[in-house]
2 protein chains.
Amino acid sequence: MTLKSIAQRLDVSTASVSNAFNRPDQLSADLRARILKECARLGYHGPNHAARSLRTGKSGIVGVMLADSLAYNFKDPCAIEFMRGVAESLDNQRVNLLLMPGGESSFDQQALETIPDCFILYGPPNDRSVLGRLQSQHKPIVAVDFTIPNHLSLNIDNYQGAYEAAHHVFSKVGTVDGTLDSTAVAVVGLRLLDQQAISTIAGRTLFEADVSISRVRLDGFRAAARDLGCALPDSLVWHTHDSAWNDGVEAAELALQTQPRPRALLCMSDQLALAALSVARSQGLRVPEDVAIVGFDDIPAAQQSHPSLSTVYQPSLEKGRLAARMVMAPDKHHNTVLPTKFIVRESSALK
Amino acid sequence: MTLKSIAQRLDVSTASVSNAFNRPDQLSADLRARILKECARLGYHGPNHAARSLRTGKSGIVGVMLADSLAYNFKDPCAIEFMRGVAESLDNQRVNLLLMPGGESSFDQQALETIPDCFILYGPPNDRSVLGRLQSQHKPIVAVDFTIPNHLSLNIDNYQGAYEAAHHVFSKVGTVDGTLDSTAVAVVGLRLLDQQAISTIAGRTLFEADVSISRVRLDGFRAAARDLGCALPDSLVWHTHDSAWNDGVEAAELALQTQPRPRALLCMSDQLALAALSVARSQGLRVPEDVAIVGFDDIPAAQQSHPSLSTVYQPSLEKGRLAARMVMAPDKHHNTVLPTKFIVRESSALK
DNA sequence: TTGAAAGCGATACCAT
DNA sequence: ATGGTATCGCTTTCAA
């Protein structure tokens with residue numbers, strides 16, 4: 001069943017059949033009705049996507065490229081909220097969404113990259129080469145949570161959120177009996193270094209702030225400490241590669257092993273913080289009395305945990321919605337930074 | 001940059017360039033290396049997907065059609081786990097995934113349906129007409145959580161899980177002082193009727209068991225009650241249209257309003273049960289002492305709630321993995337029913 | 001091993 | 001308002 005065969009059967013031109021589907025104003029209502037009716041009867045359900053796309057150069061699909069594998073992102077509550085926001089905006093515009101992994105890409109994968117009309121990049125793709133490829137297509141691109149020169153970007157105010165969180169924590173536990181305590185606060189960081197292993201950042205080279213949101217968060221932490229006259233030694237800042245439960249557990253165990261034991265843990269994601277919470281509990285530590293714990297993101301589970309988690313709220317859903325709107329109408333938008341907000345809950349509620 | 005222009009620049013045939021990408025054995029290693037190198041230099045990143053797909057009739061994409069909108073499914077923990085499973089299997093095979101909404105579809109949407117090489121249908125599509133359209137394409141289809149004649153299907157044992165859950169609940173609260181109590185248990189059901197409004201099923205026409213997994217669960221509940229000599233009156237079985245928080249709250253409020261108040265709530269999803277939990281709490285009811293609550297699915301939040309939620313575990317992740325494997329190799333698979341298992345936790349832990 | 005050419009299914013220009 | 005036809009970029013058969 002092709003458009004052509006339909007045209008022959010009805011003894012009209014292919015153009016008319018095509019127009020019946022795509023440009024109702026180009027033919028009489030009568031003819032259009034007849035064509036559409038016959039198509040339904042013969043089981044022709046409309047133009048083939050590949051052919052139409054080849055001819056028009058458009059696909060009606062927005063590509064959402066994730067930083068790494070799809071499976072990983074389906075485990076990340078922030079990514080899920082983000083995708084939900086994108087889906088919501090796109091649904092409204094009757095546009096479709098192709099999820100693309102940002103890992104190493106074979107030739108077959110690369111062919112995929114030619115499908116979408118525009119791209120939302122959720123974080124810098126693991127495979128750095130895709131960036132150049134996408135740019136060479138000259139299609140709209142929106143970078144989320146990072147920046148690409150000469151393209152729209154959408155970020156959140158990591159610095160401010162981190163600053164507020166750290167300010168709160170340091171002012172609670174940064175001094176002991178009025179004297180500065182440089183061992184009071186440890187950080188469970190995420191992707192601060194270019195390594196898989198969990199370790200402190202002491203003596204290592206950090207990612208720069210322009211490529212790593214974690215680095216920005218760390219800078220926020222540090223600034224708050226400094227402004228309060230406190231210190232945040234590198235030897236108390238831990239790096240993890242993934243935000244997965246196991247990494248959080250391992251890093252939290254190491255962090256809480258330090259002598260003297262830190263009185264607070266600043267975590268760079270709620271997932272890490274939740275894992276830390278469970279480590280603290282299993283070590284018989286009271287939260288927040290023995291150790292305060294603060295997260296980042298404000299995923300749904302943060303409110304539901306016990307104790308509930310103090311954290312930095314970021315508007316993941318709204319970020320997704322906006323990213324979709326931006327990429328659909330790039331000319332009507334500017335680079336944007338969405339606000340974040342520190343939320344005090346039980347896990348840091350020291351008097 | 002097209003394959004043809006590359007061929008001209010290098011003074012070779014288009015066939016050779018194509019072969020360089022697709023069939024290394026069809027040309028000398030030297031020539032291939034030269035072609036690939038020049039492509040990289042000139043910024044040709046491989047064949048255009050639409051053209052290749054038009055020509056070969058394959059796309060390297062698996063379509064995952066959800067029952068309704070994408071946004072709705074990104075809110076459903078089961079759907080997310082399922083998609084994660086699919087993504088995991090597909091990642092391994094270097095195949096890609098196109099998420100497709102199963103709601104009402106415009107012509108543009110219908111064009112999308114011609115892209116994938118095969119389809120996973122996660123629940124019966126809201127728009128019933130897509131089923132016929134997909135079938136007429138003669139591509140592999142796997143139906144998940146429902147059945148299509150002459151196509152592979154993958155289900156879970158809803159009946160057994162529901163039976164176990166209800167058996168547990170009725171044997172705890174089904175009799176009072178040794179006499180049968182037909183008001184002991186209410187059901188918060190999901191999509192039992194073809195209506196949006198929340199109501200009991202008394203006097204209404206239920207979906208049949210072959211199109212509604214909820215109906216199967218209800219049948220399991222009923223059978224367990226019957227086997228224990230108890231009753232499950234239609235007037236205590238509530239229907240909701242969505243598994244969203246608000247629906248759960250509303251249905252639970254109505255259910256708990258019945259006089260005498262039910263001693264247990266059998267909910268058809270954990271989302272509904274969690275909402276019921278919160279209703280019970282806000283009414284000052286103790287769970288499980290005043291009212292026991294049981295869910296279905298065993299989403300992650302079920303263990304984390306307080307009290308933790310008794311529920312029927314279903315292997316959503318594994319279901320996704322298997323669905324992907326089935327659709328990629330339909331001949332090697334048969335219709336499958338995955339087991340479910342009732343898990344007792346605190347919300348029904350009556351002695 | 002390489003090249004020429006047909007054709008995948010649709011669109012849109014240009015005639016009529 | 002309708003029809004004829006070149007063309008989108010690529011794959012693949014067949015011949016050289």
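Reminder, nothing fancy here: chain letters follow the sequence lines and each chain counts from 1.
- Counting only distance, with no hydrogens or angles, the side chain of B:Thr336 and the backbone of B:His334 share a donor-acceptor pair below 3.5 Å.
- Rounded to a whole Å, the CZ atom of B:Arg32 is 13 Å from the P atom of C:dT1.
- Under 4.0 Å is where a charged nitrogen must lie from a carboxylate oxygen, and between B:Arg133 and B:Asp127 at least one such pair does.
- DNA chain C is contacted by B:Leu54, B:Arg55 of residues 38-58 of chain B, taking any non-hydrogen atom closer than 4.0 Å.
- Axis angle, first five pairs versus last five pairs of the helix from C:dT1-D:dA16 to C:dT16-D:dA1: 30°, rounded to 10°.
- For the pair B:Thr2 and D:dG9, the criterion of a side-chain N or O lying under 4.0 Å from OP1 or OP2 is not met.
- The line from CG of B:Asp76 to OH of B:Tyr122 is 5.5 Å long, rounded to the nearest 0.5 Å.
- Here the P atom of nucleotide D:dG9 and the CD1 atom of A:Ile115 are 16 Å apart, to the nearest Å.
- At a threshold of 4.0 angstrom between heavy atoms, the contacts of B:Val17 with the nucleic acid are absent.
- A donor and an acceptor atom never sit less than 3.5 Å apart when one is taken from the side chain of B:Ser28 and the other from the base of C:dT2.
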Enumerate all atom pairs, one protein N or O and one N or O from nucleotides 13-16 of chain C, separated by less than 3.5 Å.
none

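- Of the possible donor and acceptor atoms, one in the side chain of A:Lys139 sits under 3.5 Å from a partner among the backbone N and O of A:Pro116.
- Whole-Å rounding puts the A:Lys4 NZ to C:dT11 P distance at 14 Å.
- Panel note: side chain A:Asp117, backbone A:Ser59; a donor-acceptor pair is recorded below 3.5 Å.
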Between the protein and nucleotides 14-16 of chain D, list every N/O to N/O distance that falls short of 3.5 Å.
none

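- Side-chain contact between A:Ile35 and A:Leu10: present, with at least one pair of heavy atoms (C-beta onward) separated by less than 4.5 Å.
- In this structure, the CG atom of B:Asp11 is 14 Å from the C1' atom of C:dA4, given to the nearest Å.
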Working for salt bridge (charged side-chain N to carboxylate O under 4.0 Å, His left out), residues B:Asp210 and B:Arg215: CA-CA 8 Å; B:Asp210 56 351; B:Arg215 172 58 190 277; over 6 Å; no
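- A salt bridge links A:Glu318 with A:Arg325; the closest basic N to acidic carboxylate O contact falls under 4.0 Å.
- Straight-line distance from the CD1 atom of B:Ile6 to the P atom of D:dG9: 13 Å, rounded to whole Å.
- Contacts of A:Phe207 classified as ring pair (Phe, Tyr, Trp, His ring centres under 6.0 Å), with partners at least two apart in sequence or in another chain: none.
- Using modelled atom types, no side-chain atom of A:Ser18 and backbone atom of A:Thr14 make a donor-acceptor pair closer than 3.5 Å.
- Legend: ring pair (Phe, Tyr, Trp, His ring centres under 6.0 Å) pairs involving residues 128-150 of chain B, not counting sequence neighbours: none detected.
- Separation of the A:Phe82 and B:Phe74 ring centroids does not fall under the 6.0 Å cut-off.
- Spacing between atom CD of A:Gln26 and atom C1' of C:dA12 amounts to 10 Å, rounded to whole angstrom units.
- Regarding B:Leu27, its CG atom lies at a distance of 6 Å from the P atom of C:dT2, rounded to whole Å.
- Put simply, the side chain of B:Arg191 gets close to the backbone of B:His241: a donor and an acceptor are under 3.5 Å apart.
- Between C:dT1 and B:Ser16, no contact under 4.0 Å exists linking OP1 or OP2 to a side-chain N or O.
- Nucleotide D:dT12 holds its P atom 15 Å from the CZ atom of B:Phe21, rounded to whole Å.
- When atom types are taken as modelled, the side chain of B:Ser89 and the backbone of B:Arg321 share a donor-acceptor pair closer than 3.5 angstrom.
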